[in-house]
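What follows is a single structure, written as structure tokens, with notes after it.
Count residues from 1 along the sequence.
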Amino acid sequence: MIRHHVYDHTVTEAGRLDAVVSAGLSIPRSVFSLSSAVILLNGKCVKKSAKVKEGDNVHIEYDEDVFTGLEGEDLPLCVLYEDDCILVIDKEQGMVVHPGSGVSHGTVVNALISRYGDDFASSDDERPGIVHRLDKDTSGVMIIAKTPDALSALQSQFAEHTTEKHYLAIAKGCFAPEHGMIESNIERDPRDRKKFRATDCIEKGKRALTEYRVNEVLNGYTLLDVEIHTGRTHQIRVHLSSIGHPILGDPLYGVHDPRYPEATLMLHAHSLSITHPLTGVRMSFSSPLPRRFEEIMQKLRA
């Protein structure tokens, strides 16, 4: 079903409209890019990139697809840590995080409802407990909130970029320098709605910042430690591809290598650091190198 949202917000700080209002209302910044979004600044229709100042009034309304009637499924989850507030899992490759277009079963959300009961789902009909997401074919560390207060606190940390997220990736080619930053906006590809692309136009897309370090040089490929300082859809995949170093096994942005036909997307969320929403203690969680990485790396070394 479609849920219609309407917000009126009085700005308390100057800045870019979508950034300031999303933080002030605790709503995803992505809603400002929806085709259904209507944005008014002091009664006048504006773009999401408009500049606002303290005292301005912003009105936004948009439609959101909501998936109701979600069912619990007894699906295995690899638990790294759990307490009364949070659950940290090692998501397997191929598992979808939450139901979406064409996918209604076999997701992390279905597993969570089975694990915690229908009351857990009632807190958020669309994606209960989901603080952030990993692509279907990206494996690794993922945190889930078990209470509404924990969800709000963790979402704020992700929005304010106070979390620390490191990924491992096997990318094509050699990197020079061995430590670098990729900074370019990311926008949806107008030629393919399933894909995104990097753009140098500051008026398009959303700012994205990716930092990489070389861990190991392999045969025509490189094992990278990648830290993302923003959380855009497909960010690492788009940024590495944009500089000529696509990820091995990436069906959207990579190049198929016939020497390694078994390679799936070689991207793994290796570690995540957050501030615990109840205790305030800084915590770090990590997932070991997946078997698919070890097998491909052995072949590359040979």
Does the side chain of [X] come under 3.5 Å of the side chain of [Y] through a donor N or O and an acceptor N or O?
X	Y	value
Q93	T264	yes
E211	H229	yes
N57	N42	no
E73	H105	yes
S286	S271	no
N110	T107	yes

When rounded to the nearest 0.5 angstrom, what is the spacing between [atom1] in [X] and [atom2] in [Y]?
X	Y	atom1	atom2	result
H239	E183	NE2	CD	8.0 Å
L223	N215	CG	CG	5.0 Å
D250	L240	CG	CG	9.5 Å
L17	S49	CG	OG	8.5 Å
L80	M142	CG	CE	12.0 Å
M95	D137	CE	CG	13.5 Å

Give me the atom names and distance for the closest heavy-atom approach of [X] to [Y].
X	Y	answer
D90	V141	OD1-N, 4.4 Å
N185	C201	ND2-O, 3.6 Å
G173	T222	O-OG1, 2.6 Å
L41	V46	CB-CG2, 3.7 Å
A198	V238	N-CG1, 3.5 Å
D83	I86	OD1-N, 2.8 Å

ILVMFWY network linking [X] to [Y], side-chain heavy atoms under 4.5 angstrom:
X	Y	answer
V217	F175	yes
Y212	L265	yes
I236	M181	no
V96	L252	no
F158	M283	yes

Counting only heavy atoms not in K48, do more than 12 sit closer than 6.0 Å to its NZ atom?
yes

State whether the number of non-hydrogen atoms from other residues, nucleotides or ligands found under 6.0 Å of D200 atom CG is greater than 12.
no

Verify side-chain hydrogen bond (donor to acceptor under 3.5 Å, both in side chains) between R292 and S139, making sure each step is shown before the conclusion.
CA-CA 11 Å; R292 74 182 193 278; S139 55; 3.0 Å; yes

Quick one, [X] and [Y] - any side-chain contact, counting heavy atoms below 4.5 Å?
X	Y	answer
L224	L168	no
C85	K146	no
K91	V108	yes
L289	E294	yes
E82	V88	no
L134	Y167	yes
I274	I143	yes
L77	L112	yes

So, the side chain of [X] versus the backbone of [Y]: is there a donor-acceptor pair under 3.5 Å, distance only?
X	Y	result
S156	S152	yes
K165	E227	no
S22	D18	yes
K299	R259	no
Q157	T275	yes

Pair R191-D189, salt bridge (charged side-chain N to carboxylate O under 4.0 Å, His left out): steps then yes or no
CA-CA 5 Å; R191 296 168 297 181; D189 191 333; 3.4 Å; yes

Counterpart residues, salt bridge (Lys or Arg N to Asp or Glu O under 4.0 Å), relative to E92 (two or more places apart)
none

Quick one: ring pair (Phe, Tyr, Trp, His ring centres under 6.0 Å) pairs with a partner in residues 248-270, sequence neighbours left out?
H234-Y253

Taking the ring centre of each residue, are H59 and Y7 less than 6.0 Å apart?
no

Show the numbers, then the answer: is there a side-chain hydrogen bond (donor to acceptor under 3.5 Å, both in side chains) between T230 and Q235?
CA-CA 8 Å; T230 52; Q235 178 173 322; 2.8 Å; yes

Before you tell me yes or no, could you show the steps for Q155 and H132 under side-chain hydrogen bond (donor to acceptor under 3.5 Å, both in side chains), namely the whole-Å CA-CA distance, both residues' side-chain angles and the distance that decides it to 0.1 Å?
CA-CA 8 Å; Q155 285 177 333; H132 65 123; over 6 Å; no

Worked check of side-chain contact (heavy atoms from CB on, under 4.5 Å) between V6 and I60:
CA-CA 6 Å; V6 179; I60 177 170; over 6 Å; no

side-chain contact (heavy atoms from CB on, under 4.5 Å) between R197 and R188, intermediate numbers included
CA-CA 6 Å; R197 67 181 185 183; R188 192 176 291 275; over 6 Å; no

Residue from I296, I247, D257 passing side-chain contact (heavy atoms from CB on, under 4.5 Å) with Y221
D257

List the steps and the verdict of side-chain contact (heavy atoms from CB on, under 4.5 Å) for Y81 and I89.
CA-CA 7 Å; Y81 174 85; I89 65 171; over 6 Å; no

Tell me whether [X] is salt-bridged to [Y], with the criterion being a basic N under 4.0 Å from an acidic carboxylate O.
X	Y	answer
K53	E13	no
R237	D135	yes
E187	K195	no

Using the test ring-ring contact (aromatic ring centres under 6.0 Å, His included), find all partners of F293 that sit at least two apart in sequence or belong to another chain.
none

Would I113 and E71 count as a side-chain contact (heavy atoms from CB on, under 4.5 Å) here? Give the steps.
CA-CA 7 Å; I113 295 173; E71 298 178 355; over 6 Å; no

